[in-house]
Amino acid sequence: MFPTPIEKTSRQWQISYQVLLPFMLIIWLLPLIAVANFSIKPETDFVNGNYWGIPSSFEALNNYGKVFLESNMPRYLWNSLLITVPTVIGAVALSCMAGFALGVYRFRGNLLIFFIFIAGNFVPFQILMVPVRDLTVNLNLYDTKTGLVLFHIAFQTGFCTLFMRNFIRALPFPLIEAARVEGVAEWRIFLFVVLPLMKPALAALAVLIFTFIWNDYFWAVVLTQGPGAQPVTAGITEFNSQFRAAYHLMSAGSIVAALPPVLMFFLMQKHFIAGLTLGAVK
């Protein structure tokens, strides 16, 4: 049912694995390497057809300088930060409370409520595009960061609740019973008993949601318009009109836009791996 660990396979397969792994890694990273290469090329290389060769001159400082100084990139990055951070906080906070209620308490309708949380994840976003846009217009939330934050929280809470509920159910329940015997209030059990045990899960979920929201393009295009509220994923397309077909500047902007989630992952890598693997083994 599970793949055999590489250490337990034959010597021939281990050698093949060691040879193929770097090759597959290069293939997987090839698009990113190409974008990074484009970002340091001068515009003349694209005019002359030098797409994949060595840059005729290294224009990294010039290209990245234009991205930050001659475009709205700093504003788009700031918008993304103002949208992503509140969304992560809101979705994680709501899912912690919902996961605690669904994972600890046994009551009629528990599974039905849990199913409602899960069912929303199976609805394609394309089906919701028109009604969600109309709702934002009716609530005067269209083309605002607040509207994008609220709808991101609504859409992400279902997945987050699934994650948190299953994690809480794997915690040692006698700890909660012992606290109840001592007369500890339920909200204090949540804050001082359950929540400290959820730190690995909180870190893992925060990294996942941060990456999802920062890289979101669909809702950024549907619910926002213009540099006032657009995040970087939607705003970077402005380069097409501002700089014509400036692939070198679009590549530089793409690299800049991809750095925050990468840094977020590496900063939280230890907690992220711990949160995903906790409970996998005894």
Side-chain angles (χ1 to χ4, degrees), residues 1-2 5 81-123 145-146 148-216 260-282:
M1 181 177 180
F2 296 100
L81 192 65
L82 293 180
I83 292 169
T84 304
V85 173
T87 300
V88 172
I89 295 174
V92 171
L94 287 175
S95 64
C96 283
M97 293 183 285
F100 177 77
L102 295 173
V104 173
Y105 301 118
R106 303 291 188 271
F107 57 89
R108 181 177 298 178
N110 183 301
L111 290 178
L112 177 61
I113 296 175
F114 181 60
F115 174 77
I116 293 174
F117 274 100
I118 303 304
N121 294 323
F122 295 97
V123 180
K145 291 186 284 291
T146 303
L148 200 54
V149 168
L150 292 176
F151 280 97
H152 273 314
I153 291 176
F155 291 137
Q156 296 298 327
T157 299
F159 167 76
C160 295
T161 300
L162 168 66
F163 189 94
M164 287 299 181
R165 184 254 190 187
N166 292 339
F167 187 89
I168 291 174
R169 286 178 66 89
L171 296 177
F173 195 73
L175 289 176
I176 299 175
E177 292 180 327
R180 287 173 174 170
V181 170
E182 295 294 331
V184 180
E186 294 295 319
W187 67 271
R188 294 180 68 87
I189 293 176
F190 171 71
L191 288 179
F192 300 107
V193 177
V194 175
L195 205 58
L197 299 175
M198 296 168 59
K199 288 181 180 179
L202 293 174
L205 194 59
V207 173
L208 287 174
I209 300 304
F210 185 95
T211 304
F212 292 162
I213 303 305
W214 186 277
N215 293 331
D216 173 71
V262 173
L263 293 175
M264 176 73 171
F265 173 79
F266 280 107
L267 289 174
M268 304 290 289
Q269 182 179 11
K270 178 180 178 181
H271 303 287
F272 178 76
I273 300 300
L276 294 181
T277 58
L278 190 63
V281 295
K282 293 293 184 180

S.K.: Could you check if a side-chain atom of C160 sits within less than 4.5 angstrom of a side-chain atom of L94, using non-hydrogen atoms only?
M.R.: no
S.K.: Ignoring hydrogens, what is the shortest heavy-atom contact between I189 and A179? Give both atom names and the distance.
M.R.: CG1-CB, 3.9 Å
S.K.: Report yes or no: does N110 contribute a side-chain atom to a donor-acceptor pair with the main-chain N or O of R106 at less than 3.5 Å?
M.R.: no
S.K.: Quick check for you: to the nearest 0.5 Å, what is the distance between T87 atom OG1 and D216 atom CG?
M.R.: 9.5 Å
S.K.: On a heavy-atom basis, which atom in K145 and which in L82 lie closest, and how many Å separate them?
M.R.: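 Shortest heavy-atom separation between K145 and L82 comes out as CE-CD1, 3.8 Å.
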S.K.: Describe, in one word, how the ring planes of F163 and F167 are oriented to each other, choosing from parallel (under 30°), tilted (30 to 60°) and perpendicular (over 60°).
M.R.: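 F163 vs F167 ring planes: parallel.
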S.K.: Taking atom CD1 of I153 and atom CD1 of I213, what is their separation to the nearest 0.5 Å?
M.R.: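 It comes to 9.0 Å.
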S.K.: May I ask you to test the F159-I118 pair for a side-chain heavy-atom distance under 4.5 Å?
M.R.: no
S.K.: Can you confirm whether F266 is buried at CZ, in the sense that more than 12 heavy atoms of other residues, nucleotides or ligands lie under 6.0 Å from that atom?
M.R.: no
S.K.: Roughly how far, to the nearest 0.5 Å, is CG of L208 from CD of Q156?
M.R.: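 Rounded to the nearest 0.5 Å, the CD-CG separation comes out at 9.5 Å.
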S.K.: Minimum heavy-atom separation for T161 and G99, please, with both atom names.
M.R.: CG2-N, 4.2 Å
S.K.: Quick check: do L175 and L197 have side-chain heavy atoms less than 4.5 Å from each other?
M.R.: yes
S.K.: Please round to the nearest 0.5 Å and tell me the distance separating atom OG1 of T84 and atom CD1 of I209.
M.R.: 11.0 Å
S.K.: So which heavy atom on A91 is nearest to which on T157, and how close?
M.R.: CA-OG1, 4.2 Å
S.K.: What about the rings of F100 and Y105, do their centers lie closer together than 6.0 Å?
M.R.: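 Centroid separation for F100 and Y105: below 6.0 Å.
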S.K.: How close do L102 and I113 get, counting heavy atoms only, and between which atoms?
M.R.: CD2-CG2, 4.0 Å
S.K.: Once you measure the plane-to-plane angle for F151 and F155, does it fall in the parallel (<30°), tilted (30-60°) or perpendicular (>60°) bin?
M.R.: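 Geometry flag for F155 against F151: tilted rings.
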S.K.: Quick one: are F265 and V262 in side-chain contact, heavy atoms under 4.5 Å?
M.R.: no
S.K.: Could you give me the CA-CA distance, side-chain angles and deciding distance for F192 and V184, then say whether side chain to side chain contact (heavy atoms under 4.5 Å, CB included) is met?
M.R.: CA-CA 10 Å; F192 300 107; V184 180; over 6 Å; no
S.K.: Would the number of heavy atoms belonging to other residues, nucleotides or ligands and lying under 6.0 Å from CZ of F107 be above 12?
M.R.: yes
S.K.: On a heavy-atom basis, which atom in C96 and which in M164 lie closest, and how many Å separate them?
M.R.: SG-CE, 3.8 Å
S.K.: Would you say that L195 contacts F190 through its side chain, given a criterion of any heavy-atom pair below 4.5 Å between the two side chains?
M.R.: yes
